[in-house]
Amino acid sequence: MNSWDWSAVADFMPRFWDGLLTTLQILVLGSVLSFTLGLVWALGYRVKTRFVRWPVNFITEFIRNTPLLVQLFFLFFVLPEWGIQFSALTTGTVAIGVHYSTYTAQVYRAGIDAVPVGQWEAATALSLPRSRTWTAVILPQAIRRVLPALGNYVIAMLKDTPLVVAISVLDLLGQARLEGGMTFQYNEALTVVGVAFIVIAYPASLLVRALERRLVR
Amino acid sequence: MTSGLWQHWVLPGIWITIQLTLYSAALAVVVAFGIGMARAHRSRVVRFLAGFYTEIFRGTSSLVLMFWIFFVLPNLFGWALVPMWAAVLALGLSYGAYGAEIVRGALNAVAPAQREAGVALNFTPWQRMRLILLPQAIPEMMPPFSNLLIELLKGTALVSLLGVGDVSFAAYLVRLATQESSKIYSVVLVIYFVIAFVLTRGMRALERKTRANLGLTATGGAR
């Protein structure tokens with residue numbers, strides 16, 4: 001078992017591509033969900049009535065301070081009890097999207113707070129309706145500022161996608177585990193998957209850093 | 001839920017989760033300071049190696065790393081780690097890499113004049129680090145370290161996938177035994193939330209203490 005059998009890597013490659021595709025699919029859909037829901041939370045923080053603001057605060061704090069893995073199990077086992085059936089892949093994507101929405105919400109919140117007060121006053125002076133103030137004045141400026149931070153959370157999400165193996169989704173890690181289980185050669189498959197994460201995450205983080213330098217000055 | 005499950009699995013599970021958090025946090029702090037200070041070293045080789053470490057461990061997923069340490073390391077070196085220690089190693093090494101960035105950022109945030117003053121007083125680099133830079137940088141590190149500690153606490157749940165009997169694993173067993181998912185998973189989520197709350201409070205107290213040592217108030221600014 002000490003020897004490394006590189007032919008095993010060749011055998012693993014078709015599985016690797018399948019897994020990579022699943023991982024990327026979870027990542028893309030999870031990101032879209034977290035960006036959208038995060039914005040909803042962030043607007044919820046600013047609602048004047050406490051009956052909206054407090055629950056939003058509590059829910060996001062709760063989700064942010066509890067493990068994604070347990071939330072994943074919660075959704076996977078509890079939703080069917082309530083009569084809601086999702087596939088494991090959908091459950092995993094939703095869990096990751098909802099979990100990270102509580103992080104993106106904080107990012108949006110900071111971005112919205114960073115828009116100068118004068119911009120709000122200008123919108124009032126032009127007597128723009130409230131919805132126009134948000135869509136035409138505040139959000140475009142806020143989101144431009146927070147793009148790098150959102151990018152960082154996409155990278156963080158990438159590194160959390162392997163958790164879906166817990167509900168037996170065959171993502172990258174899932175495929176590696178399956179391969180290891182069949183051939184008893186975990187070394188090659190797990191190493192290839194570990195390297196794949198670094199190969200994707202490192203250039204992505206360089207990209208985000210470059211974006212940071214360009215947008216945040 | 002039957003009382004036996006609670007006593008035999010959930011309570012010991014909570015204790016194991018707390019132990020895991022403390023051990024990995026201890027390792028992560030050692031790694032964070034070691035690597036973080038190495039990134040401010042004079043020698044280019046030391047700086048490069050420290051940077052390489054952070055990129056590798058921040059680049060990969062901690063679950064993949066945990067599996068790798070658990071399954072591949074024994075094959076490579078012929079010794080196996082107890083799952084608990086494999087988990088502590090994986091969590092400590094990867095969260096230490098995130099911590100190293102915090103240490104580096106805080107050290108960089110100390111005013112350059114402070115460093116120059118140390119040079120002017122003929123302090124050795126180690127004296128400068130120990131007597132001038134670290135005491136001023138540590139209070140800066142506390143809020144991000146607090147966030148990282150919560151991330152680490154949540155990361156400990158991963159060990160249940162290696163069969164370590166932490167509170168997540170206990171929840172899994174209780175679900176199998178009772179076939180009731182909503183109750184046990186809600187309870188476990190609340191348990192994590194409570195532990196996170198206690199940790200946050202503890203870190204805030206620690207932050208006040210480190211600031212007070214510098215003669216600063218909790219809100220910042222010198223008196």
Side-chain angles (χ1 to χ4, degrees), chain A residues 1-4 23 58 61-82 99 106 155-166 171-173 176-177 180 184-191 193-206, chain B residues 17 54-78 94 98 147 150-161 166-169 171-172 175-176 179-197 199-200:
Chain A
M1 286 276 273
N2 276 326
S3 62
W4 284 65
T23 294
F58 179 75
E61 278 295 300
F62 191 86
I63 297 177
R64 211 151 47 96
N65 284 303
T66 49
L68 175 57
L69 184 69
V70 182
Q71 292 164 6
L72 200 63
F73 280 130
F74 185 91
L75 289 180
F76 191 61
F77 294 125
V78 175
L79 287 183
E81 275 185 12
W82 296 343
H99 187 81
Q106 299 294 327
I155 300 171
M157 255 183 271
L158 167 71
K159 285 176 286 185
D160 268 351
T161 54
L163 266 65
V164 297
V165 295
D171 72 324
L172 271 179
L173 181 61
R177 223 159 57 131
F184 302 105
Q185 294 267 14
Y186 280 101
N187 301 18
E188 296 80 5
L190 276 178
T191 307
V193 167
V195 171
F197 272 96
I198 297 168
V199 166
I200 303 171
Y202 185 58
S205 70
L206 289 184
Chain B
T17 293
T54 20
E55 294 301 347
I56 292 291
F57 280 88
R58 285 193 325 155
T60 193
S61 150
S62 35
L63 185 59
V64 174
L65 184 68
M66 210 180 273
F67 271 79
W68 199 87
I69 288 181
F70 193 61
F71 288 112
V72 179
L73 266 192
N75 287 342
L76 286 184
F77 299 107
S94 59
Y98 289 98
N147 284 336
I150 302 303
E151 293 297 317
L152 198 149
L153 164 70
K154 296 191 296 173
T156 60
L158 302 181
V159 304
S160 62
L161 299 179
D166 75 324
V167 68
S168 299
F169 190 71
Y172 187 72
R175 190 193 74 85
L176 286 183
Q179 294 298 323
E180 276 185 15
S181 310
S182 49
K183 207 184 284 172
I184 181 63
Y185 278 113
S186 307
V187 168
V188 166
L189 283 174
V190 170
I191 291 173
Y192 276 108
F193 188 66
V194 170
I195 301 178
F197 184 78
L199 288 180
T200 317

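The sequence lines fix the lettering, A, B, ..., with proteins before strands; numbering per chain opens at 1.
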ask   = Under a 4.5 Å heavy-atom cut-off, does chain A meet the side chain of B:Ile191, its backbone, both or neither?
value = neither
task = With the side chain counted from C-beta on, respond yes when B:Trp68 and A:Thr191 share a heavy-atom pair under 4.5 Å apart, and no when they do not.
result = yes
Region of A:Val165 in contact with chain B, defined by heavy-atom distances below 4.5 Å = side chain
request  = Using side-chain contact (heavy atoms from CB on, under 4.5 Å) as the criterion, list what pairs up with A:Ile200, not counting sequence neighbours.
outcome  = A:Leu20, A:Leu158
key: Distance in Å, B:Phe57 CZ paired with A:Ile198 CD1, rounded so as to fall on 0.5 Å steps   = 8.5 Å
request  = Quick one: closest heavy-atom pair of A:Phe74 and B:Ser186, and the distance?
outcome  = CE1-OG, 3.4 Å
key: Contacting moiety of B:Ile56, where chain A heavy atoms sit under 4.5 Å   = both
inquiry  = Can you confirm whether B:Tyr185 is buried at OH, in the sense that more than 12 heavy atoms of other residues, nucleotides or ligands lie under 6.0 Å from that atom?
reply    = yes
inquiry  = Does any part of the side chain of A:Leu69, heavy atoms only, come nearer than 4.5 Å to the side chain of B:Leu161, both counted from C-beta?
reply    = yes
key: Validation row: B:Lys154, A:Leu68 side chains within 4.5 angstrom (heavy atoms)   = no
key: Lys NZ or Arg CZ of A:Arg177 over B:Phe67 ring: under 6.0 Å, within 45°   = no
query = What's the spacing between A:Thr66 OG1 and B:Leu153 CG if we round to 0.5 Å?
reply = 9.5 Å
query = In terms of the angle between their ring planes, are A:Tyr186 and B:Phe71 parallel, tilted or perpendicular, with boundaries placed at 30° and 60°?
reply = parallel
inquiry  = Looking at every non-hydrogen atom in both residues, tell me the closest pair between A:Lys159 and B:Gly59 and how far apart they are.
reply    = CD-O, 3.5 Å
Side chain / backbone / both / neither for B:Arg58 at chain A, heavy atoms under 4.5 Å = both
Nearest-0.5 Å distance that lies between atom CG in A:Asp160 and atom CG in B:Leu63 = 9.0 Å
Side-chain touch B:Val190/A:Phe62, heavy atoms, less than 4.5 angstrom = yes
note = The reported gap from CZ in A:Arg64 to CG in B:Asn147 (rounded to nearest 0.5 angstrom) is 7.0 Å
query = CZ of B:Phe197 to CD of A:Glu61: how many Å apart, nearest 0.5 Å?
reply = 10.0 Å
key: From B:Ser62 atom OG to A:Leu163 atom CG, the distance as rounded to the nearest 0.5 Å   = 7.5 Å
Chain A contact via B:Ala171 - side chain, backbone, both or neither, heavy atoms under 4.5 Å = neither
query = Where does A:Thr161 contact chain B at under 4.5 Å (heavy atoms): side chain, backbone, both or neither?
reply = neither
note = Bottom line for B:Tyr98: the part with an atom under 4.5 Å from chain A's heavy atoms is side chain
ask   = Which one, B:Gly155, B:Ala196, B:Ala157, B:Ser168, leads in non-hydrogen pairs under 4.5 Å with chain A?
value = B:Ala157
Among B:Ile150, B:Leu189, B:Val64, residue most engaged with chain A (heavy-atom pairs, under 4.5 Å) = B:Leu189
